[in-house]
Structures are given as C-alpha cells and as structure tokens.
Amino acid sequence: MTAIMIDSNSGGTIVRIPSGTAASGAACIALAVTLSGCSGNAEPQEQSAGQMLAEANKTMKSLQAVTIIGRVTTQDGRWGTTRLRTDLKGTCSFTSAASTGEKLDQIRIGDTDYIRPNLKHMQLSGMDTKGRKDQKNWGRTTVDPAASAGENGLTDCTHPFASFGKAVKGKTGKTRRVSTTSLIVTDKSGAYTFHVATEGKPYLYQVVYKSPDFRNVTSFSDFNTPLNVKPPKAHVVNLPD
C-alpha cells in the first residue's frame, strides 16, 4: 500500500500544497484530483499479484467474524460440503456433509465442543452403531488441546490465510456482484485462483482449486457481521472426556 490514501469511491484525494510550493502545483490545492494530475506527486505504483494476495490474507486474518463455505467434487462424482461460521479463534459453528450420506454438526465455544454426528457418520468413523438410529441429541465434551486440526472431522475454528508460491494476475470480473481480480498460483498438481475485491477492503471472496482429480471451491462472506454462535438449547448429553 502507498503512504498516500486515495478515496476508492472518487478515485482521488485532497492534495494540500504547503506555502512556498512552486506555482506549477498551485492548481492542485484543495481540489479532489488523481495523483497523476499533480506534478508534485509520484505516480502510485500498481501492486503486484503477490502484494495483492498478501494484503488480502492480512485483511482476512484481521476479521472478527466470517462465513466460509466449501464444496469439493471429484472426477467420479463424489462430493463434500462444509459451512463454517467463525471468529477465526475459538468460537464457531460447523456443518459438514458428503455424498456418502454422512453429516456432522459441531459448535465450539472456548474449550467446549457440542457435537452431533448422524448415523452414517458414526458408521464411517468405525463406531458401534448396532441398534442405534439418527437422533436429536448433541454430545458435550471438553476440547482436547493436543488434538490436531481436522481430527475426527472436527474444526478448530481457524482458517489458514497464507501466501505461497508465485502469484500472477488473471482476469478481472464480478464475484457476487463485487468487482474482483483473480490471482493465480500453480503447484505441481493444479492451480489456485484467488478472487480478491478491488473495491472497498481487499476481502478474499472465493478460492477455486482445480486439479485433474477434483475441484474445490471455497467462498467467504458475512465479513464482520455479528457471530451469534450459542450452545444448543436442548437435547445435550455429556460425553466422557
């Protein structure tokens, strides 16, 4: 980012010329002008793709709340979805589902997890489900601080906003009616396309990963809106730690 702030709506800034400045700059005094309109100011340098991506990640990390929705589809037609509403620290609500029929609901508030897997999820997790049916009960348990992220299909409420590889600029366009620029990073298996807002704050609106085997789309929304994550109101049973 440059040290001079530019109003993103008007495309310009108020330039104040101190007394004694050469007459060639006088026409810019107290006028809303683009930087290129004043000979006394340097042209703003266009950000590189890497700088844009780093700025987007920094902006996303600073959020107090965000909704993250993911969908992965494989070449053979299998799919999985996730929905995470989170403060990116330790409070969130999470739902995952898959084409296998499994589903898992989770609410994490501090050091407490509320978990509700369906019967299919329990079966695929290797649990003894003989005589059991899908039920309304939530299980309450203490979060294991030693557990790795993603263990047992659970989330730790965080998301890795990190820059990696070499980014190049792609096309500009609209993502959910917001002007965005695509930033592309390739690896040995496929390519990531990051859709970053070019109006307002540089929020990351969508990440698409494509490889020969699968496609993964992650969308971000509800930036800094009230989190509103609360424990289940009923059907809660304590699980052994």
Side-chain angles (χ1 to χ4, degrees), residues 60 65-162 164 187-193 204 206-222 227-241:
M60 298 299 287
V66 64
T67 298
I68 305 173
I69 297 176
R71 182 177 179 87
V72 59
T73 53
T74 63
Q75 286 291 80
D76 59 8
R78 290 175 295 159
W79 56 265
T81 62
T82 57
R83 184 186 189 278
L84 175 65
R85 178 67 180 154
T86 179
D87 66 356
L88 297 174
K89 296 175 182 178
T91 299
C92 62
S93 61
F94 176 71
T95 299
S96 65
S99 54
T100 55
E102 62 180 307
K103 183 180 179 183
L104 173 69
D105 295 314
Q106 175 195 358
I107 297 172
R108 176 168 292 190
I109 301 175
D111 62 356
T112 302
D113 265 334
Y114 301 89
I115 307 167
R116 184 172 61 181
N118 72 352
L119 185 63
K120 190 66 174 181
H121 187 280
M122 290 188 287
Q123 291 172 341
L124 293 175
S125 298
M127 297 176 62
D128 181 8
T129 58
K130 185 176 180 180
R132 301 185 66 170
K133 298 179 180 179
D134 283 337
Q135 33 73 40
K136 296 180 180 179
N137 289 346
W138 289 80
R140 178 171 50 204
T141 186
T142 301
V143 174
D144 180 3
S148 58
E151 187 171 325
N152 299 322
L154 301 180
T155 182
D156 64 356
C157 301
T158 64
H159 188 85
F161 295 108
F164 58 94
D187 62 15
K188 295 180 180 179
S189 301
Y192 295 86
T193 302
L204 185 59
Q206 191 176 76
V207 181
V208 180
Y209 179 75
K210 292 182 180 180
S211 77
D213 300 318
F214 68 94
R215 183 175 187 264
N216 189 11
V217 179
T218 306
S219 300
F220 305 88
S221 61
D222 304 323
L227 191 62
N228 197 32
V229 173
K230 299 178 181 180
K233 293 184 177 179
H235 305 292
V236 178
V237 296
N238 291 323
L239 299 177
D241 292 335

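Worth saying up front: this structure is predicted, and the values here are computed from it rather than measured.
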**Request:** Start with the C-alpha distance between D156 and R108, add both sets of side-chain angles, then the distance that settles side-chain contact (heavy atoms from CB on, under 4.5 Å), and finish with yes or no.
**Result:** CA-CA 8 Å; D156 64 356; R108 176 168 292 190; 3.7 Å; yes

**Residue pair N216, V207: steps toward the side-chain contact (heavy atoms from CB on, under 4.5 Å) verdict** = CA-CA 8 Å; N216 189 11; V207 181; over 6 Å; no

**Intermediate values then yes/no, salt bridge (Lys or Arg N to Asp or Glu O under 4.0 Å), D87 and K89** = CA-CA 5 Å; D87 66 356; K89 296 175 182 178; over 6 Å; no

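For K130 and D128, the salt-bridge test fails: no basic side-chain N is under 4.0 Å from an acidic carboxylate O.
The shortest heavy-atom contact between L204 and F220 is O-CB, 3.2 Å. Between V143 and G110, the shortest heavy-atom contact is CG2-O, 4.0 Å. The nearest pair of heavy atoms linking H121 to E102 is CD2-OE1, 3.2 Å. Between T100 and K120, the closest heavy-atom pair is O-CE, 3.4 Å. The nearest pair of heavy atoms linking P212 to S189 is CD-O, 3.1 Å.
Of the possible polar contacts, one joining the N118 side chain to the G101 backbone as a donor-acceptor pair under 3.5 Å is found. In terms of modelled atom types and a separation under 3.5 Å, the side chain of T141 and the main chain of D113 share no donor-acceptor contact.
Once rounded to the nearest 0.5 Å, the distance linking CZ of R116 with NZ of K136 reads 9.5 Å. Summarising the geometry, atom CZ belonging to R71 is positioned 11.5 Å from atom OG belonging to S219; distances are rounded to the nearest 0.5 Å. Atom CG in L88 sits 9.0 Å away from atom SG in C157 (nearest 0.5 Å). In this structure, the separation between SG on C92 and CD1 on I107 is 9.0 Å, given to the nearest 0.5 Å. Taking OG1 of T91 as the reference point, atom CD1 of I109 lies at 6.0 Å (rounded to 0.5 Å). Considering CG of D222 and OG1 of T86, their distance stands at 12.5 Å, rounded to 0.5 Å.
Using a 30° and 60° split on the angle between ring planes, Y209 and F214 fall in the tilted class, from 30° to 60°.
In this model, a donor atom of one side chain and an acceptor atom of the other lie less than 3.5 Å apart for R85 and T67.
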With a cut-off of 3.5 Å and sequence neighbours excluded, list every side-chain donor-acceptor pair involving residues 228-238.
{"unit_1": "N238", "atom_1": "OD1", "unit_2": "R140", "atom_2": "NE", "d": "2.8"}
{"unit_1": "N238", "atom_1": "OD1", "unit_2": "R140", "atom_2": "NH2", "d": "2.9"}

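With sequence neighbours left out, D213 forms a salt bridge (Lys or Arg N to Asp or Glu O under 4.0 Å) with no residue at all. Among residues two or more places apart in sequence or in another chain, the ring pair (Phe, Tyr, Trp, His ring centres under 6.0 Å) test is passed with Y114 by none.
With contacts defined as side-chain heavy-atom distances shorter than 4.5 Å, the pair T155/Q106 qualifies. Proximity of L104 to L154: side-chain heavy atoms (C-beta onward) are separated by under 4.5 Å at one or more points. Within the 4.5 Å cutoff, the side chain of F164 has no heavy atoms near those of the D187 side chain.
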